[in-house]
Every structure is written in structure tokens, then in C-alpha cells.
Amino acid sequence: MGAAESQAASKSASLDKAQAFSQARLKRVRARAIPWIGAIGVLVVAFRVRGYTADDAFIVGRYALRIASGKGYTFRDGPPTDGVTSPLWLGGEVLLAAWGVDPVQGAKALGALLGAMGVFIMLKRLVVRPRGWVAACGGALAACVCIPWIMHIQSGLESGLAALLMTLALPFGQPSFGSKLAAFAMPWVRPELVPSTWVGALRQDSLKAGPIPWAVAGLASVALFRWAMFGDPLPLSVHAKPSDPIEGMRYVVVSLSTLWALAWIPTLEALRRRPEWRSSGLAFGVGVVSVVIAGGDWMPGGRLFAPFVPLWAGLFGTGLSRWVRLWRPSKARLLLASVFFLPQLFLAAFYFEQADAVARSRAGAGRMLREWLESHARVVALVDIGFLAYRARWTPVDLGGLTDPEIAKRPGGHCSKSVDVGDLLLRDVDTIVIHSRTPPAIVDGWVSALSAHPVESSLVNDPRLKANFEIVGSLPYASDYYYIIFQRIMP
């Protein structure tokens, strides 16, 4: 070999080394940057929809304030009541309240942060795989445009924590301490998700070393806690909202189409092509069955499925990355992305408006009604006990039974318990707040038509209400939500 050929070979080897070094550096940058970009994107969108706060978040916040101020595990004066499904989440809010932080606002920020951490962990798992950066990019984008999920992780409830725990509970490879801790904590956060974490644990090699014993310990500990505190191992919500599988099936169909629209197609592709994902898919399927049995939820946007979104983002990104490799022309790839992401963007615009509408309603009519009750009421019976009763000095009577064991254990479903005017008179109720989904028709000083919950309609139709109460006002709360205020006639 001549000197010129030797020099050329040396130069080619140097170029190969430089190219390999450059590719390795790019891979490291992707591995570090993409998870952070995805998590920060979730937080940015969460800040945009911060106007939405679930009404039930104020229930947890009231418990936290009362516990922190030494009034016990109560929603109103009296014995402890199990009005919070997630004691672990409540414990975090109690700490916030003890530190002088508003527990609801603190919970919103904490939930968004924990949900973003779930996305970060899932993207870290994806990006280290062969061509995983493509899957991670798809997963990050999918999580950021799933607006209903982001609304719920920052709503003040435990959805962000549950999403993080579910992500940890379904790890790749051998059991980790994080998966064990998640299996123990899940019963303290979202009991209906316990079967899904058990399925995730069963797929791992050793039951003895895996999360199953931790899951059993967590379930037993929270049952013992409830038994010792409230005399019942089951959450009060089980009695207040008894199982309705038909309603649960409707909820599943509406929620899954709302959350992810056409994005199910690449998700199914990942389950079909990647055997390592199938056990996680099975865990999700068990979660669907659990939601059906539980009977769904009244909140819009599929709140009960929020814990599975990081998992779904990983599945979506994996399926999409395969198609990106197959669809070589750039125009075809653009079309592919449009098919899956445009429906989510339209949904995003809708949910942005919903979040803003909730904020406007509470800042206007909601605050006005809350201030009126604060100055004119002493004992108030109502279904919407969250925002209106938060920090209130008057005593709430929960017509839905979420915080009232005596009402919760009566016959009937959620907001259809058997409560009559006689019960309210015995409880010394002086004000009743009834809601209607349509403008209430008030003729000759009384309600002639309204669209309310069954428990509210039965009260309005009870002749004793008219004999003991009078309508003192009605208030439009939102475009499809109205309040009627009844106050007791004093002799």
C-alpha cells in the first residue's frame, strides 16, 4: 500500500470515528432532551387550563383545612367521616394547609408536577430503545395534546399522583423499588386501579420478590385504617355511588373516544407488534373492567382513565414510530400525523374554552352565591358541596352523601338518595340550594319546572317544602347550570 492510499485510509477511519462520535452524542442529547421537553410541555398546557378545578377538589381541601386546624377528620362538626377516596392525597394537602398554602391551589400544582413526572419516566424508557427517540417524540406529543388528561391532573384531585404510580407500577424488566412502592400506595390513592397494578406485578418473574406482597400490604393497611377510623373498610363513596355497570359502559365509550379519538389505531399496532407491551395492555383492559364495575364518574373528560395516559402515550409513540419508518415519503408522514393529531387539536380548543368557562362561572356567580350563603345561612342542604362549602362557616348537609354516612347508606344511587323535607327539618336546615340544568320555571313564587338530580326533584315536589320554605332567589351559574335558593320561613 502506497503512502497516498495509507493516508486516505487513515482519513476515512478518522471520519468514521468522528461520525460515530457525532451519532453517539446526538443519541445522548435526544435521550436527555426529549423526556424533559415532553414533561415541560405537559406543565405548559396544564398552566393554560389552570382555570378548571374539579368541584370535589374543594371537598378534599375542606377536610385538609379542618384537620390542619385541629377539627379532626371531618367535613362538618361531628364524628370522623370518610368523604375522601384518597387518604394519601389528603395527607399531602394537610401538610400544605399546615404550611400556610391553600390546599386546593397547592394540590393543583402538585398534581400537574406528578403527572408530568409520569410522562418523563415513560419517555425515558422509550428513548433508550432502538430508534426510541421517534417513539418518544410521538409519545411526548400525544401526552401534550391530550387536554382532558392534563385538565384532570391539575384539577386538584389525585389524578396526577395516580398517573405517576401507574407508570411506576408497570415497569419494563425486573421489579424495582418504585414498582413495589407504587403497588403499596395505589390502594391509598385510587382503589379501583388496584387490580391493574396486580396484573402488572403478575407479569414479572418472581411473585416473592415482586410487588404483589406490597400490593396486598397496601390494600390491607388502608382497609384497617378505614375500619379503625370509620368502622367500615370500604370507602364511603362505594355506598354513596353504588355500582352501575350500564352507566359504566357508557362512560367508558364516551371517555375513551374523548381522550384519544383516532389515536387508538397506532396503539393497537404497538400491542400487535411488540409483545413486551401486551401485559401493560392487559393491565389497561383490567382497568376498563374496573371502571365499568365502578359505574364511571360524573366528571367530563374521562378522569378515571387519566392514570393510564403515560402508558398510552408510550404505546402510541411505539406504534407511530413503526409507521414513520414504513411511510418513507415526507408527505405521507405529514398525512399520517394529521390523521391522529388534528382531532385532538379540535378537542383541545373545546376543552380550553371549558376550562375558561369554569373559571368565569366560579369567579362570578359562584363567588356571589358563596358570599350570600356566608352572610344569610346557618345550615345549608345541597348537592354541590365543594366550591360553595369550601372555607364556609355554615354547616353543610350533603344531599349526595359523599361526606355524610347516614345519607350515603340509604337506598338509591348517587344524587338519588331517599331524602325528604322532614329529614332536613330534623337537621335544622334553614337554606336549601337546588340546581337545574335548564332555566327553572318559577310561577306564582314557586317552581313549576326544572331539570335537577332525583334527590333535588323529590324535595321540590314534597309539599312540606312549600309549607316550610320560600324561594328567595335564583341565579344563572353557567350556560346550562342554574341555582334556586330556598330559605326557611321563620315564625
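- The main-chain N or O of W89 is found under 3.5 Å from a side-chain atom of S86 such that the two form a donor-acceptor pair.
- If you take CE on M151 and SG on C146, they are separated by 11.5 Å, rounding to the nearest 0.5 Å.
- R50 forms a cation-pi arrangement with F47, by the criterion of a distance under 6.0 Å to the ring centre and an angle within 45° of the ring axis.
- Contact of the V397 side chain with the I407 side chain is registered, since non-hydrogen atoms from C-beta on lie closer than 4.5 Å.
- In this structure, the side chains of H152 and Y52 come closer than 4.5 Å at one or more pairs of heavy atoms.
- The shortest heavy-atom contact between Q487 and V472 is CB-CG1, 3.8 Å.
- Between L165 and A185, the shortest heavy-atom distance links the atoms CD1-CB, 4.0 Å.
- Shortest non-hydrogen contact noted between G413 and S416 is N-OG, 2.8 Å.
- Scanning for side-chain contact (heavy atoms from CB on, under 4.5 Å) contacts around L373 gives L369, A377, V380, W394, T431, V433, with sequence neighbours left out.
- Taking 4.0 Å as the cut-off between side-chain N and carboxylate O, R76 and D398 do not count as a salt-bridged pair.
- The aromatic rings of F387 and F58 sit perpendicular to each other, their planes meeting at more than 60°, with 30° as the lower class boundary.
- We find the NZ-CE distance between K124 and M117 to be 12.5 Å, quoted to the nearest 0.5 Å.
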Show your reasoning for whether side chain to side chain contact (heavy atoms under 4.5 Å, CB included) applies to I432 and L465.
CA-CA 10 Å; I432 303 173; L465 186 67; 3.5 Å; yes

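- The closest donor-acceptor contact from the side chain of Y63 to the backbone of T81 lies under 3.5 Å.
- By the 4.5 Å heavy-atom criterion applied to side chains, I153 and V42 are counted as neighbours.
- Contact check on D82 versus R226 returns a salt bridge, with a Lys/Arg side-chain nitrogen under 4.0 Å from an Asp/Glu carboxylate oxygen.
- You'll find the ring centres of W188 and F225 inside the 6.0 Å limit.
- Residues D480 and R437 are not paired through a salt bridge, judged by the lack of any N-O separation under 4.0 Å between the basic side chain and the carboxylate.
- Between the S221 side chain and the A217 main chain, a donor and an acceptor come within less than 3.5 Å of each other.
- Taking 4.0 Å as the cut-off between side-chain N and carboxylate O, E374 and R367 do not count as a salt-bridged pair.
- A heavy-atom distance below 4.5 Å is found between the side chains of P187 and V222.
- The backbone N or O of G386 sits less than 3.5 Å from a side-chain atom of D55, completing a donor-acceptor pair.
- At least one side-chain heavy atom of R66 sits less than 4.5 Å from a side-chain heavy atom of D77.
- The heavy-atom pair separating V127 from P35 by the smallest distance is CG1-CG, 4.5 Å.
- Contact annotation: the side chain of Y251 never approaches that of V292 to less than 4.5 Å [non-hydrogen atoms, C-beta and beyond].
- Contact check on D404 versus R410 returns no salt bridge, with no Lys/Arg side-chain nitrogen under 4.0 Å from an Asp/Glu carboxylate oxygen.
- Of all heavy-atom pairs between A140 and G38, the closest is CB-CA, 3.8 Å.
- Judged as a ring pair (Phe, Tyr, Trp, His ring centres under 6.0 Å), and not counting sequence neighbours, the contacts of F230 are Y73.
- A donor-acceptor pair under 3.5 Å is absent between the side-chain atoms of R391 and the main chain of G61, judged by distance alone.
- Using a 4.0 Å cut-off between a side-chain N of Lys or Arg and a carboxylate O of Asp or Glu, E247 and K241 do not qualify as a salt bridge.
- Note that CG of L236 is 8.5 Å distant from OG1 of T85, once rounded to the nearest 0.5 Å.
- Residue H435 is tested with Y482, Y481, Y483 for a ring pair (Phe, Tyr, Trp, His ring centres under 6.0 Å); the sole match is Y481.
- Side-chain contact check for D430 and H376: no donor-acceptor pair (N or O, by modelled atom type) lies under 3.5 Å.
- Within the 3.5 Å criterion, the main-chain N or O of L304 finds a donor-acceptor partner in the side chain of R190.
- For D56, the salt bridge (charged side-chain N to carboxylate O under 4.0 Å, His left out) criterion is met by no residue, not counting sequence neighbours.
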Test side chain to side chain contact (heavy atoms under 4.5 Å, CB included) on I434 and F486 and set out the steps.
CA-CA 8 Å; I434 300 293; F486 299 80; 3.6 Å; yes

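- Here the side chains of R62 and T403 are not in contact, with every heavy-atom distance at 4.5 Å or above.
- We find that K417 and D423 are not joined by a salt bridge, their nearest charged nitrogen and carboxylate oxygen being 4.0 Å or further apart.
- In this structure, F120 has its ring center under 6.0 Å from that of W36.
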The test is side chain to side chain contact (heavy atoms under 4.5 Å, CB included); show your working for L88 and L90 and say whether it passes.
CA-CA 5 Å; L88 183 60; L90 173 59; over 6 Å; no

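- Considering OG1 of T74 and NZ of K71, their distance stands at 8.0 Å, rounded to 0.5 Å.
- Between L311 and M122, the shortest heavy-atom contact is CA-CE, 3.8 Å.
- With 3.5 Å as the limit, one finds no donor-acceptor pair spanning the side chains of K108 and S155.
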Show your working on side chain to side chain contact (heavy atoms under 4.5 Å, CB included) between T438 and L450 and close with a plain yes or no.
CA-CA 6 Å; T438 58; L450 81 164; 5.5 Å; no

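- To the nearest 0.5 Å, atoms CD (Q154) and CZ (R48) are separated by 11.0 Å.
- With values rounded to the nearest 0.5 angstrom, H453 atom NE2 is found 12.5 Å from L459 atom CG.
- Under the 3.5 Å distance criterion, the side-chain polar atoms of S196 are matched with a main-chain donor or acceptor of A283.
- Ring centroids of W312 and F316 are separated by less than 6.0 Å, placing the two rings close together.
- Looking at W149, its side chain does come within 3.5 Å of a backbone N or O of A306 through a donor-acceptor pair.
- When atom types are taken as modelled, the side chain of S418 and the backbone of P411 share no donor-acceptor pair closer than 3.5 angstrom.
- In this structure, M249 and V288 have side chains that are not in contact, with every pair of non-hydrogen atoms separated by 4.5 Å or more.
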